[in-house]
Amino acid sequence: MRLFRNIGTLVTMAPAARKSGRGIKESDLGFLRRAIVVEDGGRVVFVGHETDVPASLRRLSTVVDLRGRTVLPGFVECHTHLVFAGHRRDEFEARVRGATYAQISRRGGGIASTVRATRRASSATLIEAAQRRVDRFVVQGVTTLESKSGYGLSHAHELRLLRVLSKLRGPKIVRTYLGLHARPPGIRRLDRYFREVLSRTLPQLARQKLCERVDIFVEKGYFDLRQGRLYAEAARSLGLKVSVHADQLTRTGASRLVHLLGESADHLIHVDAADIGRFATSEATAVLLPAADLYLRCPYPPARRWIEAGARVALATDFNPGSSPTQDLSLVGVLARNEMRMTLPEVLTAYTVGGAFALGEQASAGSIEVGKACDLVVIDADWDELFYSVGYHPVVATYVRGRRVSLATKV
Ligand code: NIG
Ligand code: FE
């Protein structure tokens, strides 16, 4: 049992969680001054003022003095692609010179080029590279981290990437199978691969508990809406959670699938009023990924329209070697504020409560409340210094389930 004392300002996010991340004002951040949090078995058992802690909890706990600092719920980074080998620096330069993402991919670059490099790499190499990336998120206060597979694109290679994900340490890792990320290199009969995913891979993933969620890239030149629907239905019936890369480069209408069948729809740039309206009443979360839009020079998603319609939004880096080669949460938050006009309380909620809902982890993550995981980020700054200076991360400690995370690699 641990008792965290001397917290100058505790930002619990509890009211934001009660509103399930919708219609957020500053008062929904749930401030508490001179607060104490007590953890037992990885869960929060007490949150309150110093003067109100029951004597029994004081007696039984190891005390951690946080020296007047600010504490928030650990950040939830709900969309990354962090298991890969190689890089795509040449593609960035090609885009600077005028090539588009779609043109590069038609020439055999893009996702296929990372697939080739990843297939060649040993599992040990992939684990080491992925762990370093995990640690770069931990030093920014991330306590729940999603990652997709998606650079294997065959039954065996995709399973290998999910096993790599199972080896990573530090934050809670949420694993998403993305076997339908692109046409696998050298495969002529895409429908045959698609059928194998549904009849063989998905059932095995569910049986062996190799992932919590599935994802698919529904886009012109990748997978279509009909395939998206069949895939989402199959995954759902096996008890897997569903997310979709939807309406990113062109409008496919894929956000509709998530409204019907899933937890999150991600990107959501080319959407109409009806798409947005459906999320107001749905349990699905709209995940917005502005760093990818920056790199691909896409329009930013219409965040104000989502929020004002009553939708719940989350933000994430979309970290991957192609469309978003950055792990910086502060960049994402600054783009959300400056380019998408999200307020700071909305950004903080999107990166905690919103992310937790997108992953279906809202019962244990996103806010500091009795019964939830004791996932904390301690910052040596006021809360409103966050998401202001790009590259500034005033994090002094990250606690996952009450334990301080020590880094596995040198970041
Ligand atoms: O989220 N859109 C599809 N997938 C990634 C890009 C992956 C890549 O280019 O390697 C994305 O933008
Ligand atoms: Fe992505």
Side-chain angles (χ1 to χ4, degrees), residues 77-95 99-119 129-130 133 145-153 157-158 161 174-185 213-224 227-228 242-252 254-255 258 262-270 285-301 314-327 332 335 355 358-359:
E77 168 61 42
C78 70
H79 183 137
T80 79
H81 307 244
L82 57 77
V83 190
F84 62 86
H87 64 82
R88 308 237 292 276
R89 299 193 281 264
D90 49 338
E91 292 184 11
F92 183 33
E93 185 67 3
R95 288 202 306 275
T100 66
Y101 184 83
Q103 283 166 344
I104 291 170
S105 129
R106 279 198 295 274
R107 288 183 211 143
I111 294 170
S113 100
T114 301
V115 170
R116 288 190 295 271
T118 304
R119 285 182 177 181
R133 293 165 191 149
L145 174 59
E146 186 262 12
S147 176
K148 302 167 202 305
S149 59
Y151 295 117
L153 300 192
H157 281 293
E158 286 291 315
L161 300 186
V174 177
R175 300 159 303 172
T176 304
Y177 166 73
L178 177 55
L180 299 183
H181 196 189
R183 174 188 286 271
R213 316 161 76 236
V214 305
D215 195 347
I216 176 172
F217 191 22
V218 176
E219 184 61 62
K220 217 163 111 200
Y222 294 82
F223 295 92
D224 65 26
Q227 291 168 320
V242 173
S243 63
V244 178
H245 277 71
D247 302 311
Q248 177 186 7
L249 305 174
T250 59
R251 184 177 158 70
T252 61
S255 72
V258 171
E263 274 72 25
S264 88
D266 302 34
H267 287 289
L268 299 172
I269 295 165
H270 302 281
T285 302
V287 177
L288 311 180
L289 306 165
D293 308 325
L294 173 76
Y295 277 103
L296 295 187
R297 303 172 60 87
C298 290
Y300 292 99
L315 289 164
T317 60
D318 192 17
F319 170 59
N320 73 76
S323 66
S324 190
T326 179
Q327 295 192 236
V332 173
L335 289 173
L359 300 179

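Read the numbers this way: they start at 1 and go in the same order the structure lists the ligands and their atoms.
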(message) Keeping Gln248 on the side-chain end and His267 on the backbone end, is there a donor-acceptor pair under 3.5 Å?
(response) no

(request) Check for a donor-acceptor pair, side chain of Glu263 on one end and backbone N or O of Thr285 on the other, with a separation under 3.5 Å. (result) no

(message) So, taking the atom named CG in Leu145 and the one named CG in Leu82, what distance separates them when rounded to the nearest 0.5 Å?
(response) 5.5 Å

(message) Working to the nearest 0.5 angstrom, can you tell me the gap between Leu296 CG and Phe92 CZ?
(response) 10.0 Å

(request) Can you check the number of protein N/O/S atoms within less than 2.8 Å of the Fe ion (ligand 2)? (result) 4

(request) Could you tell me whether the side chain of Arg95 reaches within less than 4.5 Å of the side chain of Tyr295, counting heavy atoms only? (result) yes

(request) Indicate yes or no: does Glu146 engage Arg175 in a salt bridge with an N to O separation below 4.0 Å. (result) no

(request) Report the C-alpha distance between Phe319 and His81 in whole Å, list the side-chain angles of each, state the deciding distance to 0.1 Å, and finish with yes or no for ring pair (Phe, Tyr, Trp, His ring centres under 6.0 Å). (result) CA-CA 6 Å; Phe319 170 59; His81 307 244; 8.9 Å; no

(request) State whether Tyr101 and Arg297 meet the cation-pi test: NZ (Lys) or CZ (Arg) under 6.0 Å from the six-membered ring centroid, and within 45° of the perpendicular axis. (result) no

(request) With Ser324 as reference, evaluate Thr80, Asp318, Asp293 under the side chain to side chain contact (heavy atoms under 4.5 Å, CB included) test and give the passing residue. (result) Asp318

(request) Output the set of protein residues with a heavy-atom contact under 4.0 Å to ligand 1, ordered first by chain identifier and then by residue number. (result) His79, His81, Arg88, Tyr101, Ile111, Tyr151, His181, Phe217, His245, Gln248, His267, Asp318, Asn320, Gly322, Ser323

